[in-house]
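Some notes on the structure that comes next.
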There are 2 protein chains.
Amino acid sequence: MQELDQYIQSYFGLEEHEIATIQQLFKPETLKKHDYYLKMGRACERLSFIRSGYLRIFVTQADKEVTQWISTQGYFVTDLSALIFNTPARWHIQALSDTELFTISKSDYQSIGDLIPRWHQLEKLFIAKCFGMLEERVFSLLSMSAEDRYKLLLDTNPALLNEVPLQYLASMLGMSAETFSRIRRKMMEA
Amino acid sequence: MQELDQYIQSYFGLEEHEIATIQQLFKPETLKKHDYYLKMGRACERLSFIRSGYLRIFVTQADKEVTQWISTQGYFVTDLSALIFNTPARWHIQALSDTELFTISKSDYQSIGDLIPRWHQLEKLFIAKCFGMLEERVFSLLSMSAEDRYKLLLDTNPALLNEVPLQYLASMLGMSAETFSRIRRKMMEA
DNA sequence: GCATGAAATTGACAAAAGTCAAGAATTTAG
DNA sequence: CTAAATTCTTGACTTTTGTCAATTTCATGC
């Protein structure tokens, strides 16, 4: 669980013994491609760190499916609202590939604050960081064209383009698969 | 400061004496219409609760201006990332009308955690709630047409339509002022 | 109250993005 | 390795949304 250590360290800046305490609460878990990690409407009973693989967060509504995000190695995944507020999960989370996770149960997650006094404060900072990133994303959706959003993805997360079905990336960027494909060609030619 | 009390109470669920402690740290402040509360690039030195009035959060880039959000009575306003991480403010915040605030300085804000042990935990929940709302907003931008986004605003925040310049609402919804105007007419006629 | 400036509306047009359908390419399962 | 299924690409066309410019409406300061 070396990688989990390192990420917790880099995200939260805890002492060694605190990291050890938290780390013990995470258990290895694997998902096969196409397995669901979470289903919309269900309770969200866990939080996971992605050791390897790709998870797609998406919503189904009426006829169409909207991919909200694709989470990858080195990131956490859950429905935070559902986990914290005990509300029904707002989306599906499904493995796009065989995936290795380190998973903490809701009850163990809730106990961290008792074990490590600084935890709530550090987690607050972590969530605030995520909040700031989402604000940037809203901004990109408000102000950028489809082509610019594509370029932004290319800059910030080029690995994704080779690893997951492009239709999901298109949806995540708020455009149709056809538009995505045409932008892609345009970029190749230029 | 009755209204501040009530909001802190409803948001955070603290004891009376805890609320009193926090409330003392907030000082009344007023802004004239068009005054800036915060300027992009500057340090963000405070957090405020809006007692009355409207504040516009926006970014200027190249030629155009993008309104990220308009904050109103009963909500908090700041650049959270800039406040917490001591980074330059990412946007302007300007009063759209004469505005009354209750304001806490950065240093007092940072001291709350020492005064009220549960604070970090409660604030974590508050920020997580905001995060969840922002996730919903991303979803609306990914999946809804301009017309549907207009209707959503009409449903969730009808008061705004009478109180602030429509061009800013248009921008906040990710459409041009002209499109906004045409949708409006269409809705009137129907 | 009136003059000025800002905001909103409207029309004509242009550009961006979506839809549908067909076919090519790639991936997957046996 | 092959057949089937899925994904990606492409063209033709439609719809949505944006842009520009002209007017009208509204707000503001004197």
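Order of the sequence lines sets the chain letters (A, B, ...), proteins ahead of strands, with each chain counted from 1.
Taking the ring centroids of B/Y7 and B/F49, they lie under the 6.0 Å cut-off.
Side-chain N/O atoms of A/R185 include one lying less than 4.0 angstrom from OP1 or OP2 on D/dT10. Checking the phosphate oxygens (OP1, OP2) of D/dT28, a side-chain nitrogen or oxygen of B/K33 falls inside 4.0 Å. Not one side-chain nitrogen or oxygen of B/T179 sits closer than 4.0 Å to the OP1 or OP2 atom of D/dT17.
Across the protein-nucleic acid pair, A/L166 atom CG and D/dC8 atom C1' stand 7 Å apart, rounded to whole Å. Taking atom CG of A/N162 as the reference point, atom P of D/dC8 lies 12 Å away to the nearest angstrom. Rounded to whole Å, the distance from CZ on B/R149 to C1' on D/dT16 is 11 Å. If you take CG of A/L161 and C1' of D/dT9, they are 16 Å apart, rounded to a whole angstrom. Between A/M188 atom CE and D/dT10 atom C1' the separation is 15 Å, expressed in whole Å. The distance between atom CZ of A/R56 and atom P of D/dT6, rounded to the nearest whole Å, is 14 Å. Here D/dC26 presents its C1' atom at 15 Å from CD of B/E163, a figure rounded to the nearest Å.
Residues near A/M133 contribute nothing to a hydrophobic cluster around it, because no ILVMFWY side-chain heavy atom sits closer than 4.5 Å to its side chain.
Residue whose closest nucleotide on DNA chain C sits further toward the 5' end, between A/E178 and A/A146: A/A146. Residue order along DNA chain C, read from the 5' end via each residue's closest nucleotide, puts B/F180 first among A/I183 and B/F180.
To the nearest 0.5 Å, the span separating CG on B/L80 from CD1 on A/I127 amounts to 11.0 Å.
Residue B/R182 places a side-chain atom within donor-acceptor reach of the base of D/dT19, judged by atom type and a 3.5 Å distance cut-off alone.
Between the side chains of B/E123 and B/Y109, at least one donor N or O sits under 3.5 Å from an acceptor N or O.
Without hydrogens or angle criteria, A/R137 side chain to B/V138 main chain gives no donor-acceptor distance under 3.5 Å.
Ionic pairing of A/K151 and A/E147 is present here: one or more N-O contacts between side-chain nitrogen and carboxylate oxygen are shorter than 4.0 angstrom.
You can see that DNA chain C meets the heavy atoms of chain A within a 4.0 Å-exclusive cut from C/dA17 to C/dT28, reading 5' to 3'.
When each of B/L96, B/L55, B/D98 is paired with B/L31, the side chain to side chain contact (heavy atoms under 4.5 Å, CB included) condition holds for B/L55 and for no other.
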